[in-house]
Each structure stands twice: as C-alpha cells, then as structure tokens.
S.K.: 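Here you go, one structure.
Predicted model only: the values in this text are computed from it and were never measured.
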Amino acid sequence: MDNWDDLKYFLAVHKSGTMVAAARHLGANVATVSRRIERLGQTLGAPLFIKTSGDWKLNPDLESLLFLVEDFEGKLNAERNQIALKSDAANPVMIRVGAPPIVLGGVLSSNVGDFLSKNKGYTIELHNRTSRSGLGDVDIMIMDAPPDRGSLITRRVGKMEFNIFSKSSSDLGDDWVGLVDKHDDFEPMRRARALFRRPPSLRAANFFDAFRISKSTGLPVLLPTFLAKQNSEFQPAFDDIDPINVDFWAAFHSSRKKDQAAIDAMSWIISSFEQSQPNLLNIE
C-alpha cells in the first residue's frame, strides 16, 4: 500500500458514518475524503463502504483490515500520549469522553476541574453520545449497556436511579413525558410505557428538557431521581413501584490498555460516579 495516509480517511469515515462528518473531524473537505476513499478502494480492488440509508457501512470483507488500522491507531495514540506526558513542552493530551447528556450533566461536568487539578498535562472534551455501537470519534464511551461490538475494554463504572415522578397535587392520567423514540429500548422507558400502557404523549431529547416540560405542563415524567429532587414539588408517582437502577459502562479500545491517558480517564470516571452515588441512588 503506497499511501498509508489514506487509511486515516478510511478509519474516519468508519467512525463518523458519513463523508461530511469525517471531513469535519479531519479538517478536510468532502471532496478530499471521497477521493481518498475511492483511491484506497481502487488499490485494494474492493469498495471500502456500502451506502445504506445515508450512512456508509463497512464492506464486511474489510473487517480484518479495519481491525489492523484501529489497533495501529490506538497503539500510536498510546505511545504519543506516553511521550507527551513526560514532556513539559508538549501540548496537553486530549481525552474525548462521550456519554449521554444525563451523565455529562449529572456526573462528569462538575468534576472536570478536579481531574485537571490532579492530573497535569491533560485537557478534556465532553461529547453528547447515546450510541452503543462503538467509540466513534471519542476515546472513551459511557453507555447504559455493554457495547455490542468492537474490540473494547469495558468496565461498569456506576449506577443511576430512575423513577416516574409527578407534582404532589397532580392526578395521574394516561399522559406522561418521556424521551424521544430512539430511546424506547432504554429500560426505564420500557418500564414507564408499561405502567402507563401507552407511549409518552410528550417527548424530549434529554431528561433535563423532560424535567422542564413536566414543570410547565404538570404531567408525570420519567426522570433520574437526583434531577427530580431538585424540585420539592416532584414526588414518586407510584407508591407501590420500586425505582429502577441502571448500570453505566465505560469502554475504550483494547489497543490502548497500556495508555496512561485512558487509564487516568477511566479512574476519573469511576471516581466521579462514586462521589455522585448518594444523589444518583437517593442515598441520604
């Protein structure tokens, strides 16, 4: 393979899912990304991706090549981070963490300063991510279930309690507030739908917006307990129903198992959940 740089474009399109997103990630334009992908495909004698529903899906025949490229990138990043953390002159090591908004806002964001004060030489980016299908363009992904694919190192990092809440003066009917339909397989959403025997009548992109919608409409709402506790009007809507505890998992690529940046970031994520547990699980 004459041009190793083409593999970077191959990996970016796979992670991003679209040419546009890959171009943005690489700081290139779509035409350049398309040209590099086409050239590499011609070199290999096989198309790299198959376009389905607007996204570019990996050609199954190239899974072994992708594994090699991902492994090389991970080991390269680990070595680069190792060198940078030993140098006072190097730029800060970037750690990109992807997580659902409720984890970003309820667990991680308030602890960024603590991490940076204890771990010199780093900077952090927090990305809104809800996918379970892989890392994408982040270094560590936090999700509500173990990832369903990828060569990843995975660890359970904490729990969060969810329940149906309503204002103390509200009468329960059939209407309620939940998340948008792409979250319908989230276990608390399934529980709420079973209790009300219907999908939510109003939907929000995240729990913070659902909280505000419930406050303005008076409708019962599915929320994490710590968020509901921020307003004394909200009480559990069903006295005979136990709240549900959801495990959260963090994962990074197995090629970075010796990467000090990944190790430090995972320790911080676990510590952040541990510090937040009394609120997340309604422990007084």
Side-chain angles (χ1 to χ4, degrees), residues 7-18 21-22 25-26 48-49 55-82 84-85 93-104 107-108 111-112 115 119 122-160 182-183 185-187 245-274:
L7 294 172
K8 179 175 67 176
Y9 289 79
F10 171 47
L11 189 57
V13 174
H14 171 69
K15 287 182 174 182
S16 304
T18 67
H25 174 71
L26 293 166
L48 303 184
F49 300 98
D55 290 338
W56 294 90
K57 301 298 184 183
L58 177 70
N59 181 343
D61 293 337
L62 300 182
E63 288 184 357
S64 58
L65 175 62
L66 176 67
F67 175 83
L68 290 174
V69 175
E70 286 184 320
D71 190 67
F72 173 74
E73 183 197 47
K75 290 178 178 177
L76 181 64
N77 286 335
E79 190 62 29
R80 182 180 60 194
N81 292 342
Q82 198 76 4
L85 290 172
V93 171
M94 172 69 73
I95 301 174
R96 297 175 177 85
V97 179
I102 199 62
V103 174
L104 297 180
V107 180
L108 297 183
N111 288 310
V112 170
F115 173 80
N119 298 273
Y122 289 108
T123 186
I124 286 182
E125 282 187 0
L126 299 180
H127 294 252
N128 182 353
R129 295 285 189 276
T130 57
S131 171
R132 299 174 184 168
S133 60
L135 292 174
D137 59 354
V138 299
D139 301 300
I140 296 179
M141 182 71 184
I142 301 172
M143 58 209 87
D144 57 47
D148 53 19
R149 69 175 181 84
S151 180
L152 304 173
I153 293 174
T154 305
R155 180 170 177 180
R156 189 173 65 84
V157 292
K159 293 186 176 187
M160 190 177 294
K182 71 176 182 178
H183 300 292
D185 63 342
F186 182 48
E187 180 58 29
N245 292 331
V246 174
D247 288 325
F248 283 91
W249 305 74
F252 61 93
H253 198 269
S254 59
S255 61
R256 302 181 66 176
K257 62 183 178 182
K258 296 183 180 179
D259 184 355
Q260 192 61 46
I263 294 169
D264 289 342
M266 283 289 280
S267 296
W268 168 65
I269 291 167
I270 293 168
S271 174
S272 295
F273 268 96
E274 288 175 347

S.K.: Under a 3.5 Å distance rule, please check whether S272 uses its side chain to pair with a backbone N or O of L108 as donor and acceptor.
M.R.: no

S.K.: According to ring-ring contact (aromatic ring centres under 6.0 Å, His included), who are the partners of F49, at least two apart in sequence or on a separate chain?
M.R.: F10

S.K.: Sequence neighbours excluded, which residues qualify as salt bridge (charged side-chain N to carboxylate O under 4.0 Å, His left out) partners of E125?
M.R.: R96

S.K.: According to side-chain hydrogen bond (donor to acceptor under 3.5 Å, both in side chains), who are the partners of D259, at least two apart in sequence or on a separate chain?
M.R.: N81, R256

S.K.: D144: which residues meet the side-chain hydrogen bond (donor to acceptor under 3.5 Å, both in side chains) condition with it, sequence neighbours left out?
M.R.: R132

S.K.: Excluding sequence neighbours, so at least two apart, what forms side chain to side chain contact (heavy atoms under 4.5 Å, CB included) with E79?
M.R.: I83

S.K.: Quickly, which of T154, L152, I153 forms a side-chain contact (heavy atoms from CB on, under 4.5 Å) with S254? Name it, please.
M.R.: I153

S.K.: Would you please name every residue forming a side chain to side chain contact (heavy atoms under 4.5 Å, CB included) with L85, sequence neighbours left out?
M.R.: V93, Y122, Q260

S.K.: Among all residues two or more places apart in sequence or in another chain, which pass the side chain to side chain contact (heavy atoms under 4.5 Å, CB included) test with A265?
M.R.: I95, I140

S.K.: So, for N245 and K159, which heavy atoms are closest and what is the spacing to 0.1 Å?
M.R.: CB-CD, 4.4 Å

S.K.: Can you list everything that forms a side chain to side chain contact (heavy atoms under 4.5 Å, CB included) with P146? Sequence neighbours excluded, please.
M.R.: W249

S.K.: Might you point out which heavy atoms bring T18 and A21 nearest each other, and give the distance in Å?
M.R.: OG1-N, 3.0 Å

S.K.: Go through the structure and list residues passing salt bridge (charged side-chain N to carboxylate O under 4.0 Å, His left out) with E187, not counting sequence neighbours.
M.R.: R190

S.K.: With side-chain contact (heavy atoms from CB on, under 4.5 Å) as the test, pick out the partner of V97 among D139, I142, V112.
M.R.: I142

S.K.: Could you list the residues that satisfy salt bridge (charged side-chain N to carboxylate O under 4.0 Å, His left out) with K182, not counting sequence neighbours?
M.R.: none

S.K.: Going by the rule side-chain hydrogen bond (donor to acceptor under 3.5 Å, both in side chains), which residues pair with D71 if we only count those two or more places apart in sequence or in a different chain?
M.R.: K75

S.K.: Could I get the full list of side-chain hydrogen bond (donor to acceptor under 3.5 Å, both in side chains) partners for R80, not counting sequence neighbours?
M.R.: N77

